[in-house]
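Notes follow once the structure below has been shown.
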Amino acid sequence: MVAVKPLILALAAGHLAHAQLNTAAKAAGLLYFGTAVDNGDLSDSQYLPNLETDDFGQITPANSMKWQPTEPSQGSYTFSQGDQIASLAKTNNDYLRCHNLVWYNQLPSYITSGSWTNETLIAALKEHINGVVTHWKGQCYAWDVVNEALNEDGTYRQNVFYQHIGEAYIPIAFAAAAAADPNAKLYYNDYNIEYPGAKATGAQNIVKSIQAAGARIDGVGLQAHFIVGQTPSLASQKANMAAFTALGVDVAITELDIRMTLPDTSALQTQQSTDYQTTTTACVQTKGCVGITLWDFTDKHSWVPGTFSGQGDACPWDSNYKKKPAYYGILAGLQSGAGGSTTLTTTTTSTPTTTSSPATTTTTGAGSGTGAAHWGQCGGNGWTGPTTCVSPYTCQVVNPYYSQCL
Ligand code: XIL
């Protein structure tokens, strides 16, 4: 995958020098840094110039590959919207994460209200998976095969598939996807499995049950729809990722956003930056965490305000495509791996409100006295690490939160 991006567009957008999340992700050993893209986003003239930079090397269609849009009536497929996202990935040499095949949401009514038997629903499930996966065969780096199959306590969610087929619908789905595209990485994807607990254990049991059934599963997607100040600690996220990779599967952060109760404040933005940095660091410092995807990168097109009343500003870019402190938190996290110029220590500061533990991440310098490496952080509000750079780089102020060795 060679990221050849339109230089002119990046220059026109005026952020070439610092447009580098994907570059930094690859330098840290990840495959990509990416974002969800919805078809409607593309009609905003500011969207593509901000997407087609070295910040992004992967995209996920936010909606257009789901069951409802792809097979709105049984046996009749519509691929044009999904094709638009797939061809955008191709044009930009981006990895494409395809999303998703089996989910209880965004289903056509012939599925949710049909009178199914075990046999007929298995046939319809296999037919759908075969039809959709075959259409994009060879184009998907990964498929989210089954999405959100679990309740919060780790038991199976009651949905039409579970009701008629039982838990076997999951390995059946993975086997059908594997048969249709042997090269796509096959993922189970869910939220609230980013930290150890009953639901994460449930997801590990899903991995094991697919493996026990003799089907292939390659990865688990940790959605990571978080709340500012309530994200799991670095230690918790790393331990959790390790519990998945110990089963022989990759992990990826697939839908990262960190929302806040509005109105936004600079204190919330600073905490949000810390929280983005923590999750990014967890992935970078976990062997087997292959990449990070934002669930859209700009507040202008985020799903959050429409879904969580009174909440928003969850993305690293604001509604005017201006980078927020969160952007620089991600960058610092991407530079936290082996050979990076920072080390992180975490302290749990309070008890969890619901299911996740708030954490404070403080960043301290390597302290070698030799200066930060190329691309490394060398200053910014709250920064206590190195303030000089190894030769021949110089410490340049990017914004009040972040200076970088360039
Ligand atoms: C969301 C989309 O972003 C919205 O536009 C849509 O209205 C609902 O779905 N978990 C998932 C994603 O796996 O598919 C969801 O995407 C967000 C939660």
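Read the numbers this way: they start at 1 and go in the same order the structure lists the ligands and their atoms. Remember, it's a predicted structure, so these values are computed and weren't measured experimentally.
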Heavy-atom distances under 4.0 Å are what count here, so tell me which part of Asn147 touches ligand 1: side chain, backbone, both or neither.
-> side chain
Return yes or no for this condition: an N or O of Trp303 is under 3.5 Å from an N or O of ligand 1.
-> no
When Gln223, His99, Gln58 are each screened for side chain to side chain donor-acceptor pair (under 3.5 Å) with Thr293, the one that passes is Gln58
Please identify each residue that fulfils disulfide bond (SG atoms under 2.5 Å apart) with Cys98, with sequence neighbours left out.
-> Cys140
Judged by modelled atom types alone, do Tyr47 and Asp296 share a side-chain donor-acceptor pair under 3.5 Å?
-> yes
Which protein non-hydrogen atom lies closest to atom 3 (O) of ligand 1, naming both residue and atom, and how far is it?
-> Trp295 NE1, 2.9 Å
Can you spot which of Asp44, Asn50, Thr298 makes a side chain to side chain donor-acceptor pair (under 3.5 Å) with Tyr321?
-> Asp44
Using ring pair (Phe, Tyr, Trp, His ring centres under 6.0 Å) as the criterion, list what pairs up with Phe161, not counting sequence neighbours.
-> Trp67, Tyr169
Closest approach of any protein heavy atom to atom 11 (C) of ligand 1, naming residue and atom = Glu255 OE1, 3.0 Å
Check whether any N or O atom of Lys66, backbone or side chain, sits under 3.5 Å from an N or O atom of ligand 1, and answer yes or no.
-> yes
For ligand 1, is any non-hydrogen atom under 4.0 Å from Trp103's backbone (N, CA, C, O), its side chain (CB onward), both, or neither?
-> side chain
Counting from 1, what ligand 1 atoms have a heavy atom of His99 closer than 4.0 Å?
-> 11 (C), 12 (C), 13 (O), 14 (O)
List every atom of ligand 1 that sits less than 4.0 Å from any heavy atom of His225, numbering the atoms from 1 in the order shown and giving each element.
-> 18 (C)
Ligand-side contact atoms (ligand 1) for residue partner Glu148, heavy atom cut-off under 4.0 Å = 10 (N), 11 (C), 13 (O), 18 (C)
Test item: side-chain donor near acceptor, Ser87 and Asp83, under 3.5 Å = no
re atom 8 (C) of ligand 1, the protein heavy-atom contact at minimum distance is Gln106 OE1, 3.4 Å
Which ligand 1 atoms does Asn63 reach within 4.0 Å, using its non-hydrogen atoms?
-> 2 (C), 4 (C), 5 (O), 6 (C), 9 (O)
What about the rings of Tyr77 and His135, do their centers lie closer together than 6.0 Å?
-> no
Any side-chain heavy atom of Val290 within less than 4.5 Å of one from Lys185?
-> no
